[in-house]
Amino acid sequence: MRVVTWNVNSLRARMDRLASWLKYADPDIVCLQETKVQDSGFPYEEIAAMGYHSVHYGVSQWNGVAILSKRVPEEVQIGFLEPWDAQEARIVTARIDGISISSVYVPNGRSLEDAHYIFKLEWLKRLELEISARLSRGESVLIAGDFNVAPQDLDVWDPEEFVGATHVSPAERRALEAIYQVGLLDVFRRIYPDQRIYTWWDFRRGAFHKGQGLRIDLVLADLDLAARAVWGLMDREARKGEKPSDHAPVIIDFQS
DNA sequence: ATGGTAGTGCAACTA
């Protein structure tokens with residue numbers, strides 16, 4: 001089973017690249033973030049023509065998350081199970097092959113002084129509670145998406161540049177640790193404990209060509225599922241060329 | 001140089 005997470009930074013702007021990349025990488029499941037479309041504007045037919053069923057949650061020009069799957073998704077859940085007015089279109093979940101799979105787009109946070117940063121921490125806490133509930137029901141769980149948190153300094157091109165910034169603050173990393181504590185592993189890091197490799201590079205200042213990136217797109221899985229992961233890659237080729245997203249797709253292969 | 005680029009959508013916000 002090949003699982004991919006990719007923040008496409010507008011699905012409409014990325015449709016041609018997505019189509020060719022899906023042909024090339026041939027994943028079974030694709031978690032997309034920042035589709036930037038409402039459900040009514042989601043290209044269900046075009047995605048179906050690529051060989052994938054679609055589940056999407058989008059309510060405005062912002063955010064928007066989707067799961068593409070070769071197999072029919074079941075038990076679709078839009079947003080968090082617990083009602084929350086402030087949640088925005090940042091999580092969608094479906095059961096595929098017996099696994100509860102979520103595509104998540106964690107709030108950016110903007111700066112440590114911004115109200116959006118508090119929102120980010122609250123959002124991560126809600127995610128933790130939801131994962132905990134699913135695991136306690138005995139479900140197999142996979143959470144893939146843009147976490148907007150670099151788990152360790154190893155995941156940051158220059159930790160000194162990020163002192164006092166979001167994505168690396170102790171509170172954000174603690175929130176992510178709390179999610180690990182309920183029973184999930186960072187799958188890429190389990191396979192490659194020491195690899196310094198990124199998933200996002202700022203469009204500005206030629207960050208990609210300077211190697212100035214962060215590893216903020218993660219695939220988390222319960223311990224049994226994580227133990228089945230055998231190979232992973234950030235596809236930097238997809239960050240090059242005409243009209244790339246600022247994120248590279250992350251590929252994880254699981255033994256069946 | 002308190003900058004830069006990309007997306008949405010048409011001004012200004014988000015990242």
Side-chain angles (χ1 to χ4, degrees), chain A residues 5-21 31-43 46-47 56-66 79 85-92 103-124 127 144-151 155-158 160-169 171-173 175-176 198-218 234-250:
Chain A
T5 183
W6 194 3
N7 180 324
V8 289
N9 188 3
S10 169
L11 183 56
R12 277 291 171 200
R14 226 61 67 200
M15 279 302 279
D16 289 348
R17 290 197 66 130
L18 178 66
S20 57
W21 193 82
C31 294
L32 300 177
Q33 301 84 36
E34 283 207 87
T35 60
K36 294 188 174 179
V37 290
Q38 301 183 29
D39 291 337
S40 58
F42 188 88
E46 289 171 70
I47 299 282
H56 181 252
Y57 178 26
V59 294
S60 74
Q61 70 201 99
W62 309 120
N63 314 311
V65 283
D85 290 345
Q87 68 174 318
E88 303 181 341
R90 294 179 178 276
I91 177 169
V92 67
S103 177
V104 302
Y105 176 46
V106 176
N108 177 284
R110 298 174 191 168
S111 74
L112 301 194
E113 302 78 27
D114 200 297
H116 202 255
Y117 176 74
I118 303 300
F119 173 56
K120 179 181 196 173
L121 296 177
E122 288 179 1
W123 201 94
L124 284 165
L127 181 62
D146 177 0
F147 281 75
N148 273 316
V149 179
D155 304 310
V156 180
W157 66 274
D158 183 2
E160 304 236 332
E161 280 281 324
F162 283 80
V163 172
T166 56
H167 296 61
V168 303
S169 73
E172 288 164 82
R173 285 176 167 171
L176 195 54
Y198 310 124
T199 66
W200 172 84
W201 301 260
D202 200 311
F203 280 127
R204 298 166 288 188
R205 292 172 299 188
F208 179 70
H209 299 286
K210 296 177 190 166
Q212 300 178 344
L214 300 177
R215 190 178 73 96
I216 55 176
D217 297 270
L218 309 176
M234 287 52 159
D235 187 4
R236 296 179 73 261
E237 295 304 311
R239 181 62 177 76
K240 303 175 182 176
E242 286 287 307
K243 286 175 73 72
S245 169
D246 45 354
H247 295 252
V250 177

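Naming: A, B, ... by sequence-line order, numbering from 1 per chain.
- Separation of atoms CG (A:Asp114) and CG (A:Asn108) is listed at 9.0 Å; rounding is to 0.5 Å.
- A:Phe208 comes within contact range of no nucleotide atom at all, as no heavy-atom separation falls under 4.0 Å.
- When the P atom is used for both B:dG9 and B:dC13, the distance is 16 Å, rounded to whole Å.
- Checking side-chain atoms of A:Glu34 against main-chain N and O of A:Asn9 turns up no donor-acceptor pair under 3.5 Å.
- Rounded to an integer number of Å, the gap from A:Trp200 CH2 to B:dA15 P is 12 Å.
- Around atom CG of A:Asp158, more than 12 heavy atoms belonging to other residues, nucleotides or ligands sit under 6.0 Å away.
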Listed pairs, N/O of protein and of nucleotides 5-8 of chain B, under 3.5 Å:
| from | atom 1 | to | atom 2 | distance (Å) |
| --- | --- | --- | --- | --- |
| B:dG7 | OP1 | A:Arg14 | NH1 | 3.1 |
| B:dG7 | OP1 | A:Arg14 | NH2 | 3.4 |
| B:dG7 | O3' | A:Ser10 | OG | 3.1 |
| B:dT8 | OP1 | A:Ser10 | OG | 2.3 |

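- With A:Arg90 contributing its side chain and A:Gly64 its backbone, the two residues share no donor-acceptor pair below 3.5 Å.
- The CG atom of A:Asn108 sits 13 Å away from the C1' atom of B:dC13 (whole-angstrom rounding).
- Across the C1' atoms, B:dG4 and B:dA15 are found 13 Å apart, a figure rounded to whole Å.
- The nearest whole Å value for the distance from the CG atom in A:Asn63 to the C1' atom in B:dC13 is 13 Å.
- Taking atom NE2 of A:His247 as the reference point, atom P of B:dA15 lies 11 Å away to the nearest angstrom.
- When rounded to the nearest whole Å, the span between CG of A:Asp114 and C1' of B:dC13 equals 13 Å.
- Ring orientation note: the planes of A:Trp200 and A:His167 are close to parallel, at an angle under 30° on the 30°/60° scale.
- The two residues A:Val65 and A:Val104 make their nearest non-hydrogen contact at CG1-C, 4.2 Å.
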